[in-house]
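Only one structure is covered here, and it is reproduced in the block below.
Whatever order the structure lists them in is the order used to number ligands and atoms, beginning at 1.
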Amino acid sequence: MELSGLQIFKYLPAAKKAENSNCKKCNCPTCMAFALKLAKNQISIDACPYAPDELKEKLEYSQKQPQKTVEIDGLKIGGENVLYRHEKTFINPTAIAIMLDCSKPDWENTLKRIENFEITRVNETFKVDLIIYKNSTENLKSNIRNISEEEFQKLQLYNATDKDFVLTSSKLIDIRTKAIQEKNEKYSNPTYVKFESGQDLNLLCAQASFYLCKYANMLIFEDFDETLISTLLTLRQNIFTDPQKPLQVEAKIYEFNNPDENSIIFMTTNFALTFFAVASELENLNVPSYLVVTPAEGMSVLTAWSAEKFTAKMVAKTLKKFNLAEKVKTRKIIIPGLLAHMKQELEEEIKDFEIVVGTIEAYAISDFVKSLDQN
Ligand code: SF4
């Protein structure tokens, strides 16, 4: 764990009420200011001539990287600092690799399938991260990053694959725990698990999902299966998001089913999960519509409202920026049902539009739009 400013401060003269307290020789106004800067790596410990050796040792240990990072042609593996994502964040997603045996009769077909495979989830597009090819006399020509098996074996990676699931998962947990908690050099290499050809797909999926969560840095499959890789990539995206950065989409006006100036207008914030729930309903409606997405640092509507990231003034400013009043003749905006309490406030601020309270849940949008038609 990195040292906090307060933990550093305890070692400095001011905390001990010793001579030289707050002497400013480090160009900081106080020892506390120095400690806070040092915790953020904005100053060197050498700037304080009175910093004790004990603090220097503790700092050096806290800054020691627990797990190495291995790089293959831009693909980073390992480099993790924590056991649990909520402690800070995970750094490099578990790499998904396919072992391609070029001595098999259908290997070129498999290569094509790997190259053509691609999925898009929450605005991100994923492909297979790496092909490890074997039994080939020449380098593999592919638009997917690749490495020969011989070169792969030379990397500083630890093969955690064992006889069965229990042994492999225990090994993965043990290695990661020792690397992070003890900063034990012996366990600092990133890990991988390899799945041999011909295994039951359901079992493979369950085991690989567990290893992805705890704590394989790379998964290697001898068989390529699109559904398995899609499932793992979707899981991976969830596990490796930064908990400090909510998933968000661009704040702008989105169009569904070729809207014109008389089409209905919905509004929400740029929290990705809300956006995709609403967008998928609007797409399937077969009714032309607009969705105004306001900037709210990726917060959901209620969170944004309580954090003052969705205020009437901000909404009015956003609509002005998007030129909505000039773009359409429609004079009604449908807001999320969770923000019904803002109706009057929004109407006072947004003179050009009437505010209509919509549904609380996205799935109810279809019935809600039908009820609008009948009115
Ligand atoms: Fe405190 Fe050291 Fe800075 Fe002096 S040089 S103010 S003792 S941190």
For N22, take its heavy atoms, then give the atoms of ligand 1 lying under 4.0 Å from any of them. 6 (S)

When you measure from atom 1 (Fe) of ligand 1 to every protein heavy atom, which one gives the shortest distance, and what is it? C31 SG, 2.3 Å

Please check this pair: side chain of N139 against backbone of I147, looking for a donor-acceptor N/O pair closer than 3.5 Å. no

Tell me whether atom 2 (Fe) of ligand 1 has C28 as a neighbour, meaning an N, O or S atom of it below 2.8 Å. no

Within 4.0 Å of some non-hydrogen atom of F34, the atoms of ligand 1 are 8 (S)

To the nearest 0.5 Å, tell me how far F240 CZ sits from N92 CG. 8.0 Å

As an exercise, identify every atom of ligand 1 less than 4.0 angstrom from a heavy atom of P13. 7 (S)

Note the single closest protein heavy atom to atom 2 (Fe) of ligand 1, along with its residue, its atom name and the distance in Å. C48 SG, 2.4 Å

Under 2.8 Å from atom 1 (Fe) of ligand 1, can any N, O or S atom of C26 be found? no

For K68, does its backbone N or O pair with a side-chain atom of S188 as donor and acceptor, under 3.5 Å? no

Test: K58 cationic atom under 6.0 Å from Y11 six-membered ring centre, within 45° of axis: no

Taking only heavy atoms of N20, which atoms of ligand 1 are found under 4.0 Å from at least one of them? 4 (Fe), 7 (S)

Using ring centroids (six-membered ring only for Trp), state whether F165 and F210 fall under 6.0 Å. yes

Do any heavy atoms of A14 fall under 4.0 Å from ligand 1? no

Please determine whether C23 has a backbone or side-chain N, O or S atom lying under 2.8 Å from atom 4 (Fe) of ligand 1. yes

Test your reading of the model: is there a side-chain donor-acceptor pair from R121 to the backbone of Q237, 3.5 Å cut-off? no

Whether R85 engages the ring of F90 as a cation-pi pair (distance to the six-membered ring centre under 6.0 angstrom, angle to the ring normal within 45°) should be assessed. no

Go through ligand 1 atom by atom and flag the ones less than 4.0 Å from a non-hydrogen atom of Y50. 7 (S)

Residue from F266, Y290, F275, F322 passing ring pair (Phe, Tyr, Trp, His ring centres under 6.0 Å) with Y254: F275

